[in-house]
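Below, all heavy atoms of this structure are taken into account, side chains as well, without hydrogens, waters or symmetry copies. We count residues from 1, following the sequence as given.
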Amino acid sequence: MRFRNPVGRAFAVDAPPSAPRNSDRATTPPSDRTLLPAVGFSALAQVAPLLTNLVLTPYLIRHLGLDRFGVWSLVLVFLATLTVLDGGVGASLARFHAYHAARGDREGTGRLVSGALVLFVALGAAVTGLCLLVTPAITAAAGVPPRLQGEAGQLLLALGALLTLALASNSSVALLQANGRFRALAGVSGGSCLVYGAAVIALIDRGADLPLLAVLAAGRYLLVTVGGLCAGARHIRIRRPLLPPRSERRDFWSYAVRMQLSGFTVFLNGEIDALVVAVLLPVRYVGIYAAGYQVANALRSLPLYAFPPMLTRMTHVYAARGLPGAVREFHLLQPRWLPAVLTYGVVTTAAVGLTVQVWLGPGLGLSGAVAAILMAGYSVQVAFTGTRTCFVRAIGRPGYETRYSWCSTVVNLVLTVPLALLFGVVGVVLATSVGLMAGSTYFVVLCRRLAGLRERRLPRRWLLATAAAASVAVLGNLLVLRVGWHGALPLLLAVLPVLVGLATAAALLLPHLAATATRRTVRDEEA
């Protein structure tokens, strides 16, 4: 099917398939009233594992000792890497589940669930076989103490099973997200984390408890998998054939490969920066970089909690109304997303340098500069690419996201070494930030060519509201810093001025955004 963009140039798009030939009724696109609660429950579901790890880390260090905790952390790094490098399957399941949900295709959902589980078991078996061959080499290369090599070997042999369960839990999460079951998702995620945390505190004692810790982690993934499938059972129908048809597998893998390339660039940027710092600068700068990077990455993740419900909504709209409906939905969401995320980005960028000093002390002010520079790039990226990312994924065009991601990576790679030689660790993160901004600009151009997606002007009050919010956040952090307290509790105190500043901006902007949304709704209903 071909459509014509606003300037008159024709372009080809993938038309949504016809509705399934069964008695299931297709779902209707979510309304505005359901989006905000969905974002809240999505945030709760994703925050629960982060808070659990934050609480348990000091406990595990105290009871396992630094050496054993280091071995456990190494296994978790391997697990996180393998989970990211899953062929793009995990990132693609949310879109395809949402598409089946929008069409009321429960049998298609069941085939997707069973096909993903078969694939995850095969991946886990392959990793187990590989670990049987390379475990001695890994323990030797990682410098594992001889007294811990037996436990480390057991953990590595369990890595395949952990990977299968972790990927299966991600599949269950995608199923709930795609069907708008964010309340159930928050319950499953929070409940599994509570059970896991209580079990760790009750069962992990001083001694050789690493294999037991792996069993408890596997149990958490299993709880999420079973809980998610039970909560989403009404959206699944298992009938033969158990696997998706050849045409859907071909479409899925075409989509998944592009998602894998996009995900790999995000992983690549952070790892390359750390490697460059380690090669070109004294080792202490690796810690300085890591502290700033972790803070900036955590702040960046907060707006991203809105992605699952936004992607689900956009996919449902595309399935029901085709490309024109998805374009209209983008122009409804983006005027709300852009000013809100830009304000958040400006305020956190302005305050994060001082906040890091409150947390770690003035001696690590360079970590604050690293966080501020990275946050500037992240803010532009999330503000201008967030809704567009949901759009291209929803309409089945993830290749556009891949192109902009690789543009960011290439610019980063070209600039990293020269800027690192000139400005040290600041130059490394400056290259990353510039690359993110360049890639985001390219993505805006690509989406304009694809479907005529355009930005609207920021509200007239935006500059005043953002300046006032940033001033409140910076002045408040300066006052906290002058007190001279440092650590976790002063960090919580330093967050308060940022929250007050954001609340000030919200009070100034929300009436205007609400009025704009009302006018657009009236125009859409008249059209």
Side-chain angles (χ1 to χ4, degrees), residues 29-43 46 94-95 98 177 180 182 299-318 325-349 375-395 400-401 404 436-437 439-441 443-448 450-463 465-466 469 502-503 505-521 523-524:
S31 65
D32 289 344
R33 292 189 298 271
T34 64
L35 184 59
L36 188 58
V39 171
F41 285 116
S42 175
Q46 296 180 71
R95 191 265 177 183
Q177 290 174 342
F182 294 99
L299 291 173
R300 172 182 177 268
S301 68
L302 295 181
L304 301 184
Y305 293 152
F307 266 35
M310 287 173 60
L311 176 59
T312 299
R313 171 171 168 161
M314 192 82 74
T315 306
H316 284 200
V317 170
Y318 175 66
V327 172
R328 190 179 301 114
E329 190 67 23
F330 170 85
H331 287 130
L332 179 66
L333 293 175
Q334 183 65 1
R336 308 175 189 180
W337 174 267
L338 182 65
V341 175
L342 278 182
T343 298
Y344 169 81
V346 171
V347 172
T348 52
T349 300
M375 194 60 203
Y378 289 153
S379 300
V380 172
Q381 180 195 32
V382 174
F384 285 96
T385 70
T387 313
R388 286 177 172 84
T389 297
C390 294
F391 176 83
V392 297
R393 292 185 185 183
I395 69 171
Y400 284 84
E401 182 185 355
Y404 110 78
L436 292 173
M437 294 180 183
S440 301
T441 303
F443 194 37
V444 171
V445 174
L446 287 176
C447 290
R448 180 177 298 180
L450 170 68
L453 304 187
R454 295 181 179 274
E455 292 294 347
R456 296 185 179 272
R457 292 182 178 180
L458 291 169
R460 285 176 294 180
R461 293 184 179 181
W462 179 83
L463 185 60
T466 303
L502 292 174
L508 293 173
L509 287 176
L510 283 179
H512 176 82
L513 294 177
T516 301
T518 301
R519 288 195 297 269
R520 286 192 58 82
T521 302
R523 286 199 299 268
D524 289 342

Y404 side-chain N/O to V444 backbone N/O, donor-acceptor pair under 3.5 Å: no
Below 4.5 Å, heavy atoms only, C-beta onward: do R454 and R448 meet side chain to side chain? yes
State, with a plain yes or no, whether a side-chain heavy atom of L302 is found less than 4.5 Å away from one of T348. no
Could you give the distance from CZ (F182) to OG (S42), rounded to the nearest 0.5 Å? 5.5 Å
Do Y378 and T349 come close enough that some side-chain heavy atom pair is under 4.5 Å? no
So F391 and L333, do their side chains get closer than 4.5 Å, heavy atoms only? no
Between the OH atom in Y344 and the CG atom in L502, the distance rounded to the nearest 0.5 Å is 8.0 Å
Note: P335 and F330 closest approach over all heavy atoms is CD-O, 4.2 Å
Do you see a donor-acceptor pair shorter than 3.5 Å between the side chains of Q334 and T387? yes
Any side-chain to backbone donor/acceptor pair from R95 onto R393? Under 3.5 Å, distance only. yes
Between R388 and E455, is the closest basic N to carboxylate O distance under 4.0 Å? yes
Check: F384 and V341 side chains under 4.5 Å, non-hydrogen atoms: no
Parallel under 30°, tilted from 30 to 60°, perpendicular over 60°: which one fits the rings of F307 and W337? tilted
If we ignore angles and hydrogens, is there a donor and acceptor under 3.5 Å between the side chains of S440 and T385? no
Tell me the closest heavy-atom pair linking M314 and A326, and the distance in Å. SD-O, 3.7 Å
Quick one: does L509's side chain get under 4.5 Å of W462's, heavy atoms only? yes
Show the nearest heavy-atom pair for residues T315 and A394, with the distance to one decimal. OG1-CB, 3.5 Å
Would you say the side chain of V382 lies within less than 4.5 Å of the side chain of L304, judging by non-hydrogen atoms? yes
What's the separation between atom SG in C390 and atom CZ in R313, rounded to the nearest 0.5 Å? 11.0 Å
Nearest heavy-atom pair of L311 and A94: which atoms, and what distance? CD2-CB, 4.3 Å
Whether T466 side chain and L463 backbone form a donor-acceptor pair below 3.5 Å: no
Checking the side chain of S379 only, and the main-chain atoms of L342 only, is there a donor and an acceptor separated by less than 3.5 Å? no
